[in-house]
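A quick write-up on the structure given underneath.
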Amino acid sequence: MVTETEIRDAAEVLRGVAGPQQGLLGLAAGEGMARFLTDSLEVFWLGAHGGAGENTLADLLGGVPCHHRWPSRSAADPSVQPAHVFLVARQNHRGLKAAQLAARDWAAGSHPTITLHGLVVIADAPGKTPKALHNQTRITAGGVPQTWVVPWIEELRLAGSVDPESLAREPRKVLTNLREVINTIKTKGD
């Protein structure tokens with residue numbers, strides 16, 4: 001039997017920039033996503049585009065779907081903990097381009113009251129990822145601290161929900177790794 005530690009250790013996590021980049025130009029007015037003020041200490045799932053999968057991840061792992069708006073804290077109170085955010089995108093051309101735009105917005109320092117933990121890319125079809133999308137995923141991953149790629153989960157498509165323990169090894173190891181990152185965030189926040 002495979003242990004959860006072995007599953008977690010097997011998950012490939014792509015690494016990118018650790019934080020906003022000095023000198024990077026932000027997005028033009030109207031180019032980025034809107035914001036909303038919140039004091040929630042939950043993890044936030046920010047879909048970079050419609051159908052990204054932010055609600056699915058919130059259902060599977062907990063947290064709050066942002067509905068394509070950046071969570072923001074009041075800058076007036078420096079004692080408030082930053083919002084913990086994961087970008088979410090489908091692994092298709094449109095989804096990865098939207099993720100690149102959101103990553104650029106973050107990297108330009110436009111969201112100082114959040115901590116971006118990374119990008120979760122969700123497969124948009126079963127089977128092997130086409131080389132062009134694989135390469136575009138790796139390029140996009142360079143613009144965020146970490147990137148997790150969730151393989152296709154047929155049960156989600158057919159039933160709308162799934163027991164994470166019943167998943168195949170590949171999607172289970174990615175979700176296990178994400179769950180551990182979230183647990184670490186929550187532990188540090190207590």
Side-chain angles (χ1 to χ4, degrees), residues 13-14 16-21 24 26-77 80-124 137 140-141 143-150 153 156 160-162 164 171 174-175 177-190:
V13 179
L14 304 174
V17 298
Q21 306 296 298
L24 186 63
L27 302 181
E31 206 175 11
M33 290 181 273
R35 300 174 192 213
F36 69 98
L37 279 174
T38 180
D39 58 2
S40 173
L41 297 178
E42 291 292 323
V43 165
F44 292 93
W45 302 103
L46 173 58
H49 57 91
E54 61 191 327
N55 288 310
T56 299
L57 288 171
D59 289 346
L60 289 171
L61 299 169
V64 178
C66 294
H67 305 292
H68 321 298
R69 299 175 300 147
W70 288 98
S72 185
R73 303 282 199 229
S74 170
D77 186 358
V80 175
Q81 182 181 10
H84 295 282
V85 178
F86 290 84
L87 277 175
V88 184
R90 287 285 173 191
Q91 195 172 28
N92 57 40
H93 180 77
R94 179 176 171 256
L96 293 170
K97 283 296 187 188
Q100 288 173 1
L101 197 64
R104 184 175 133 212
D105 193 23
W106 166 76
S110 301
H111 304 281
T113 63
I114 71 151
T115 298
L116 181 64
H117 293 279
L119 168 66
V120 181
V121 177
I122 300 176
D124 74 330
T137 300
T140 305
V144 294
Q146 298 180 88
T147 298
W148 297 264
V149 179
V150 179
I153 302 172
L156 281 174
S161 64
V162 65
V174 176
L175 294 175
N177 186 275
L178 276 166
R179 187 176 294 108
E180 289 187 1
V181 171
I182 291 165
N183 288 340
T184 301
I185 292 166
K186 289 180 177 181
T187 301
K188 287 181 180 177
D190 292 342

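All heavy atoms count here, side chains included; hydrogens, waters and symmetry mates do not.
Each of Thr184, Asn183, Ile185 was evaluated against Val181; a single residue qualifies, Ile185, per the side-chain contact (heavy atoms from CB on, under 4.5 Å) test.
One distance of note links CD1 of Ile114 with CH2 of Trp70; it measures 4.5 Å at 0.5 Å rounding. For the atom pair CG of Leu178 and CG of Leu60, the computed distance is 10.0 Å after rounding to the nearest 0.5 Å. Taken to the nearest 0.5 Å, the CG atom of Leu101 stands 10.5 Å off from the CG atom of Leu87. Remark: Leu96 CG to Asp124 CG distance equals 8.5 Å, nearest 0.5 Å. Here the straight-line distance linking atom CG of Asp105 with atom CE of Met33 works out to 7.0 Å at 0.5 Å rounding. Rounding to the nearest 0.5 Å places CG of Leu116 at 5.0 Å from CH2 of Trp106.
The closest donor-acceptor contact from the side chain of His49 to the backbone of Lys97 lies at 3.5 Å or more, if one exists at all. Side-chain atoms of Glu54 come within 3.5 Å of backbone N or O of Cys66 as a donor-acceptor pair. Using modelled atom types, no side-chain atom of His84 and backbone atom of Thr115 make a donor-acceptor pair closer than 3.5 Å. In this structure, the side chain of Arg90 does not engage the main chain of Val121 through any donor-acceptor pair within 3.5 Å. With Arg179 contributing its side chain and Leu61 its backbone, the two residues share no donor-acceptor pair below 3.5 Å.
Looking only at side-chain heavy atoms (C-beta outward), Trp148 and Asn177 come within less than 4.5 Å of each other. Under the 4.5 Å side-chain criterion, counting only non-hydrogen atoms from C-beta, Arg35 is in contact with His111. For the pair Pro71 and Val85, the minimum side-chain heavy-atom distance is below 4.5 Å. Side-chain contact between Arg73 and Thr38 is present, with heavy atoms from C-beta onward closer than 4.5 Å.
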- [ ] Please assess Val120 against Leu57 for the test side-chain contact (heavy atoms from CB on, under 4.5 Å), listing each intermediate value before the final yes or no.
- [x] CA-CA 9 Å; Val120 181; Leu57 288 171; 3.7 Å; yes

- [ ] Apply side-chain contact (heavy atoms from CB on, under 4.5 Å) to Thr140 and Thr147, showing your working.
- [x] CA-CA 9 Å; Thr140 305; Thr147 298; over 6 Å; no

TODO: Evaluate side-chain contact (heavy atoms from CB on, under 4.5 Å) for Thr56 paired with Trp45, printing each intermediate quantity in order.
DONE: CA-CA 10 Å; Thr56 299; Trp45 302 103; over 6 Å; no

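Under the 30°/60° scheme for interplanar angles, the aromatic rings of Phe36 and Phe44 are found to stand perpendicular.
Gly63 and Pro65 get closest at one heavy-atom pair: O-CD, 4.0 Å.
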